[in-house]
Each structure stands twice: as C-alpha cells, then as structure tokens.
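To keep things clear, I will list the structure first and then write my remarks on it.
Computed over heavy atoms, backbone and side chain alike; hydrogens, waters and symmetry mates excluded. Residue numbers start at 1 and run along the sequence shown.
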Amino acid sequence: MLDNILNWLFGLKVVRLFKVNTTPRWVILLIDMLIVLASYVLVMLADYYARGTVYSPLMLMTNAAIFLVVYFLVIYVSKSYTCVIRLSVIEDLYRVIQVVALSTFILLFIDMAAVIFRGAPLFRFWNVLSIAAIVFTMMVVERLLIKYFYMRLTAAATDGRRRVLVLGTSLNSLILANALKNEIGGKYEPIGLLSTKTGKENETINGFKVYRFDPENVANLFVENSIYALIFDSRSIERMRNGFADYFIRNNIALLCINKVEEFELDDNKEESANANISTFVREVQIEDLLGRDPIVLNNALVSNTIKGSCVLITGACGSIGSEIVRQVAAYQASRIVLVDQAETPMHDVSIEMQRDYPDAQIEFFMGDVQNYERMEQAFDQFRPQFVFHAAAYKHVPMMEINPTEAVLTNVQGTRNIADLSLKYGVYKFVMISTDKAVNPTNVMGCTKRLAEIYCQSLFFDVAKHGAKTQFITTRFGNVLGSNGSVIPLFRKQIAQGGPVTVTHRDIIRYFMTIPEACSLVLEAGCMGHGGEIYIFDMGQPVRIYDLAQRMISLAGLKVGKDIEIREVGLRPGEKLYEELLNDKEKTLATGNKKIMIAKVRTYDYKEVCDSIDHIISWARQGNVHNMIYEMKLFVPEYKSNQSQFEAIDKEIAQEQVVSN
C-alpha cells in the first residue's frame with residue numbers, strides 16, 4: 001500500500017520536475033526555519049503541560065523571534081542550506097552540527113547577558129538544549145528524507161546506465177561514486193570501488209563493494225561483472241601516465257576521467273550549479289591525457305611584468321605554436337598584438353577566436369610572407385613592436401626534403417629579415433622558435449633551423465659590441481601534442497577510417513610537450529634571457545611511436561591486428577629514429593625554472609656567418625639545390641643526411657676531404 005502511494009506521488013509531474021533541478025536553496029532555508037519554529041513551539045507546549053509554566057504572549061513571541069533570528073544568522077553564515085543534499089553525506093551532517101552547536105551557544109550567551117543586566121533569564125536552560133536536540137534531529141531527518149526522495153526518483157532511472165568502477169577508496173573516490181549514483185538522469189552506475197591496496201575480500205564502503213586490483217585478473221573482473229569502464233578524477237592522472245593505464249588499455253577496458261570533485265560544489269554567487277549532471281563532465285581519456293604534463297597556469301609574474309602594456313609582434317601567428325603565443329600574450333594584457341602570417345583562412349579563424357575570447361585586446365592582422373623584406377618592414381614601421389616572437393617556419397621534414405630551396409628562403413632568409421628589422425627598429429627582445437631537429441641535423445629543415453640559430457646568436461654578439469640594445473634569444477624544443485600535421489591527429493584520422501595506422505619504424509621515438517606548456521616556456525625563457533642564449537626545454541621521457549599507436553587503437557575500443565593493423569612504411573626522407581635536444585659537445589646551465597636550461601654552444605663570427613648564408617641563399621634563389629646543400633654541409637659539418645637523396649653530397653664531401661688530406 002505504501003509503495004503504491006509513493007509510486008503515485010513520485011509519478012506526479014510536479015514532483016518529477018526535481019529530476020532536472022536540485023532542491024532550491026530558499027526551500028531548504030525555509031524548511032530549516034520552520035523546523036526551528038516548530039521545535040520552539042513543541043518545547044513551549046511541553047513546558048506548559050509538564051510544569052504548568054505560563055508565558056505571556058509578548059514573551060513567547062519575543063523569545064521565538066530571538067530563536068529564529070539567531071538560527072537564521074548562523075544558518076546563513078555557515079551556508080548549511082547550500083549543500084546539494086542528494087549528493088552530500090558527511091559534510092552536510094557536519095554543517096548541521098555546527099549550526100545547532102553555535103546557535104545554542106549564542107542563545108545561552110544571550111540568556112546569561114539577560115541575567116546580568118535584567119536579573120532574570122530569558123529562557124529556561126533545559127528548554128534551549130531541548131530545542132537544540134529537536135532541531136538537530138529534524139534537520140537530519142529532513143535531509144535524509146530529501147535524499148530518499150531523490151533515491152526513489154533515480155531508482156527507476158538506472159536502466160540504460162553503464163556500469164562503472166571508481167578508482168580508489170579515498171574520500172574523493174567515495175564522493176565521486178555517490179555523486180554518480182545519486183544524480184538524476186545520469187549515464188553511469190557505479191557498482192563499486194577499485195582498490196590497489198591489499199585488504200579483506202567482500203569489503204564494502206558506504207554500500208559500494210571494494211574490488212581488489214589484480215593485474216593478471218583485471219580483464220576477467222570487468223567481463224564477469226559486465227563493467228563498461230574505470231572512472232577516475234584528475235588526481236589519478238599522474239598514476240595513469242606512469243603506466244597504470246596500460247593494464248586497462250591492453251585489455252580494451254574503457255577509461256573515463258572527470259574534473260576534480262570540488263569543482264562541482266556550488267558557486268556562492270549562482271543558483272545551484274549542480275543542476276548540470278556530473279555525468280556531462282565525464283569524458284573518455286585521450287592519448288594527450290596520458291602523454292601530457294602538469295597543466296599550465298598563466299600567472300608568471302616575470303612574464304606578466306614584461307609583456308603587460310607592451311606591443312608584441314608574432315610571426316607565424318596562425319600556426320599551432322604562434323596562435324597559442326597569441327592567446328597567452330593576450331591573457332598577459334599586451335597593449336597591442338600584431339599577428340603576421342601569410343595564410344588567409346587561418347588568419348580569419350584566429351580573428352574570430354580573438355574577437356570572441358579577448359574582445360578588449362587590441363589585435364592587428366597583418367598578411368605577409370617573412371621572405372618579403374619590404375612587406376615585413378611595413379609592419380615594423382607601422383606598429384613599432386617591443387617584443388617579437390618569430391614562429392614562422394616550414395617544419396615538415398619530408399616536404400622540405402622535396403622543396404629544399406623554399407626551406408632555406410623561409411627558415412633562413414625569413415629569420416634573417418625579421419632579426420635585421422628587429423635590430424633596425426629597436427625591438428627590445430627577439431625570440432626565435434627553433435627545434436630539436438637543429439641538433440645534429442639529418443635533414444634540410446633541421447639544418448635551416450640551425451643556420452637561423454647561428455645567425456641570430458652571432459648577430460647579437462656582434463651588435464652588442466657596438467652598444468645595440470636588442471636581445472636575440474632562441475628557444476629549442478621537440479614535438480608538441482596536437483600540432484598541425486603531427487602524428488597524433490594523423491593516427492586518430494587513420495583509426496576513424498578503419499586503418500591501417502602507419503608508423504615509419506617500429507623503434508622510432510619522439511619527445512612530446514603540450515602546446516600551452518611549450519608556449520608558456522617560450523614566453524618565460526624570452527623574458528628571462530639577456531641575449532645570445534639558446535634555451536632548451538625539459539621534454540620529459542621519450543615516447544615510442546609504435547607504442548603510441550597501440551595505445552590509441554586500444555583507447556578507441558579496438559584491438560591491434562584484429563580490428564586495425566599497424567603497418568611499418570619505412571623512414572621518410574631526412575627522418576631519424578630519435579631526436580636530440582643537445583649536441584654531444586654542448587653543456588647546459590640551470591635557470592630559475594627547472595624545465596628551462598641554457599645550452600652552451602659554439603659561437604660563430606658574424607661576418608663569416610653572413611658570407612656563408614649569403615652564398616646559401618644565393619644558390620637557393622638560383623634553384624641550384626646541389627650547391628646550396630653543399631654549402632650548408634660545409635658550414636654545418638654535423639649535418640649528415642639520412643634516408644635522403646642528399647647523402648650523395650655527404651659522400652662527395654668525404655671523398656674531397658680524403659683527397660685533400
């Protein structure tokens with residue numbers, strides 16, 4: 001009978017509106033105040049019938065007002081009415097205890113003051129304690145009833161939810177499991193907690209069964225219990241990156257991640273922000289999560305003090321690195337940001353983004369090619385930048401092996417143009433974005449970037465002798481996650497198409513860094529530098545690309561060899577098995593940031609550099625690839641081609657050296 005009544009009640013449209021909204025704050029506050037009033041009335045009636053005590057109507061109303069005001073102020077200040085009751089457990093009980101204890105203390109203090117100043121108490125001592133006991137009991141019952149109300153609403157809504165395990169047995173894991181279980185219209189049904197610690201079998205915590213992690217039996221655990229995925233919050237991401245995720249990836253077990261549980265607490269200035277289901281914040285783990293590093297927070301005082309209020313010019317501003325530098329410079333409130341790029345459509349896309357995300361920033365969009373000195377000078381003459389971040393470059397190794405003259409004209413001549421103009425127009429700092437491929441280069445692209453490094457460094461040391469103030473700084477790092485043309489978007493596309501996923505070599509390794517982190521370090525290195533430095537970044541541990549492909553396929557819920565094939569296609573022209581951040585002859589100096597080091601490299605005479613670069617650029621303009629590459633190899637002797645047609649020139653030089661000796 002009771003179940004029928006409850007089912008009818010919960011089926012009412014007005015009741016089921018609570019499926020999309022949490023209980024409004026004002027309702028909880030109103031109920032709490034009614035509880036205080038009812039408790040007061042009950043105790044006064046009990047006092048009258050038990051003791052025959054008669055109070056005047058004025059005293060009854062005055063005392064009731066005092067009780068209501070005291071409890072209201074304590075409840076309001078402690079914000080006990082703002083808890084999401086359907087999700088709260090211990091925290092809400094703790095707040096109720098706080099409210100009742102503090103209110104009772106204040107009321108007793110008021111009563112004591114009345115005795116001192118009036119000679120008579122306002123309340124009976126035991127009445128205050130009795131009211132406190134009733135208020136506490138009724139508030140707890142109120143919250144339990146609301147929680148039960150939501151549990152009944154969700155009981156019928158669990159069909160269709162995917163069964164998951166929550167990683168860990170900590171308080172945060174328990175909060176997450178409860179939140180997922182009790183939310184209305186959720187997507188996931190947590191059936192237990194997965195613990196990596198040893199303990200008793202068949203143990204439960206707050207109604208959740210604790211499953212013990214066994215590397216050998218993890219697949220069976222998920223299959224036998226029809227569990228869809230393992231879900232964890234961001235506190236566990238570091239453990240996942242350190243190899244723990246592989247136990248699940250290898251067994252095709254889905255991994256889900258959620259933001260920190262605290263982020264779903266209510267905003268004091270907004271309505272119940274938990275109206276949005278927590279399930280909507282759960283997302284599938286991406287390969288970037290497992291390769292990424294600590295998130296970047298843009299609060300660097302050095303960069304802020306340097307960039308804020310300055311005019312900043314960024315070349316290659318629409319590329320992966322350039323556009324992120326634009327965003328971060330805008331966040332640091334540069335007075336004007338000049339975006340230089342030759343790509344029309346990406347420039348338009350960036351303009352829309354900046355107008356949306358940084359409407360107050362003063363942005364200038366300047367179309368032009370860094371090879372065009374006259375066009376670039378127009379930008380410098382018009383905007384007079386104080387800082388220049390030079391990110392414009394050709395970077396794809398195989399493509400530059402096919403088009404080597406363009407690599408020279410853009411990466412060498414283009415850099416020279418921007419560096420010379422920075423000097424001419426009194427730029428304070430010029431920061432060049434280089435690459436780990438400039439170290440012991442095996443391809444045209446890497447050698448052109450090394451030539452650009454050499455030019456900027458030798459230019460600084462030469463002009464510094466004559467009192468020039470422009471500081472030329474180079475930053476050098478490896479691959480960035482998700483950049484245009486990088487391996488991860490390629491693999492993702494190949495997986496979506498059903499394969500095969502192509503790797504150039506089973507043993508090839510690469511370093512990876514997130515784009516925001518790389519750009520943050522570029523800005524910091526640029527601001528800390530004084531000129532002539534080549535900064536290198538800590539890229540972390542190298543990643544084997546074949547393993548990366550396997551993990552991405554497994555994360556997509558597919559099996560390598562069965563659903564999708566991984567195919568080796570051979571090293572591309574100019575490609576090497578591993579990248580280096582430092583030449584063997586280089587040493588490093590520490591900086592204030594453990595992720596940034598200074599490379600101690602060989603310095604070159606500026607005049608000799610100019611002579612060699614003039615010859616190289618001249619051959620490039622003439623389209624004489626052989627002589628151009630020949631000059632490049634003579635000037636950068638560590639440039640040894642690999643898997644390239646230009647290996648023949650290495651042999652030619654070696655034979656000439658043998659003859660000359």
Side-chain angles (χ1 to χ4, degrees), residues 296 303 307 312-329 337-343 346 350 369-371 376 385 387-397 400 407 410-419 421-422 427 429-439 441 445-457 459-460 471-486 511-529 531-539 579 581 595-599 601:
I296 295 300
V303 179
I307 296 295
V312 180
L313 184 146
I314 302 162
T315 69
C318 300
S320 305
I321 296 296
S323 61
E324 178 62 24
I325 293 177
V326 171
R327 296 181 194 99
Q328 295 193 16
V329 166
I337 309 172
V338 183
L339 280 61
V340 177
D341 206 294
Q342 64 172 336
V350 172
D369 188 340
V370 293
Q371 292 185 31
M376 291 298 103
F387 294 87
V388 171
F389 290 92
H390 179 49
Y394 284 131
K395 64 179 184 179
H396 290 285
V397 170
M400 292 306 100
T410 295
N411 295 356
V412 182
Q413 180 63 61
T415 299
R416 186 179 190 177
N417 289 343
I418 302 301
L421 287 168
S422 296
V427 169
K429 284 181 182 286
F430 168 95
V431 182
M432 173 191 160
I433 314 297
S434 189
T435 170
D436 56 358
K437 294 176 177 63
V439 184
M445 193 282 286
C447 186
T448 60
K449 296 297 283 185
R450 179 63 185 133
L451 286 169
E453 289 181 356
I454 292 170
Y455 181 80
C456 293
Q457 190 179 43
L459 173 62
F460 169 76
Q471 300 172 2
F472 292 89
I473 298 157
T474 298
T475 59
R476 185 192 283 172
F477 54 90
N479 301 279
V480 288
L481 295 172
S483 65
N484 296 331
S486 68
Y511 293 90
F512 286 98
M513 177 180 283
T514 65
I515 294 175
E517 181 179 17
C519 294
S520 176
L521 294 176
V522 165
L523 291 178
E524 184 173 352
C527 291
M528 73 167 60
E533 302 97 341
I534 294 181
Y535 286 100
I536 62 170
F537 301 156
D538 173 18
M539 297 294 296
E579 305 290 357
L581 288 184
K595 293 184 178 181
I596 303 175
M597 296 155 282
I598 301 174
V601 299

Here's a test for you: under side-chain contact (heavy atoms from CB on, under 4.5 Å), which of Leu521, Asp538, Ile596, Ile321 qualifies with Phe477?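 Only match with Phe477 under side-chain contact (heavy atoms from CB on, under 4.5 Å): Ile321.
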Could you tell me which non-hydrogen atom of [X] sits nearest to which non-hydrogen atom of [Y], and how far apart they are?
X      : Y      : answer
Phe430 : Cys456 : CE2-SG, 3.6 Å
Tyr535 : Gly529 : OH-CA, 3.1 Å
Ala599 : Ile536 : CB-CG2, 4.2 Å
Ala317 : Val350 : O-CG2, 4.5 Å
Met400 : Ala407 : SD-CB, 3.5 Å
Ala392 : Gly316 : CB-N, 3.5 Å

Which of these passes side chain to side chain donor-acceptor pair (under 3.5 Å) with Gln413: Asn411, Thr410, Asn417?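 Running side chain to side chain donor-acceptor pair (under 3.5 Å) over Asn411, Thr410, Asn417 with Gln413 returns exactly one hit, Asn417.
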Can you tell if the side chain of [X] reaches within under 4.5 Å of the side chain of [Y], non-hydrogen atoms only?
X      : Y      : result
Thr474 : Gln457 : no
Lys449 : Lys395 : no
Arg476 : Arg450 : yes
Val431 : Phe387 : no

Measure the spacing between [atom1] of [X] and [atom2] of [Y] and express it to the nearest 0.5 Å.
X      : Y      : atom1 : atom2 : value
Ile337 : Leu313 : CD1   : CG    : 11.0 Å
Thr315 : Ile433 : OG1   : CD1   : 8.0 Å
Met376 : Asp369 : CE    : CG    : 6.5 Å
Ile418 : Met432 : CD1   : CE    : 12.0 Å
Gln342 : Cys318 : CD    : SG    : 10.5 Å
Glu324 : Ser520 : CD    : OG    : 9.0 Å

Salt bridge or not for Glu524 and Lys595, using N-O below 4.0 Å?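 Here Glu524 does not pair with Lys595 in a salt bridge, since their nearest N and O are not under 4.0 Å apart.
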Please tell me whether Glu453 and Ser434 have a donor and an acceptor in their side chains that are separated by less than 3.5 angstrom.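 Yes, because at least one side-chain N or O of Glu453 sits under 3.5 Å from a partner of the opposite role on Ser434.
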For Gly531, is there any backbone N or O sitting under 3.5 Å from a side-chain donor or acceptor partner on Glu533?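 Indeed, once roles are kept as given, a pair shorter than 3.5 Å links the two residues.
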Candidate pair Val522 and Phe389, rule side-chain contact (heavy atoms from CB on, under 4.5 Å), full reasoning: CA-CA 9 Å; Val522 165; Phe389 290 92; 4.1 Å; yes
Could you walk me through whether Leu523 and Val329 pass the side-chain contact (heavy atoms from CB on, under 4.5 Å) test, one step at a time? CA-CA 8 Å; Leu523 291 178; Val329 166; 4.0 Å; yes
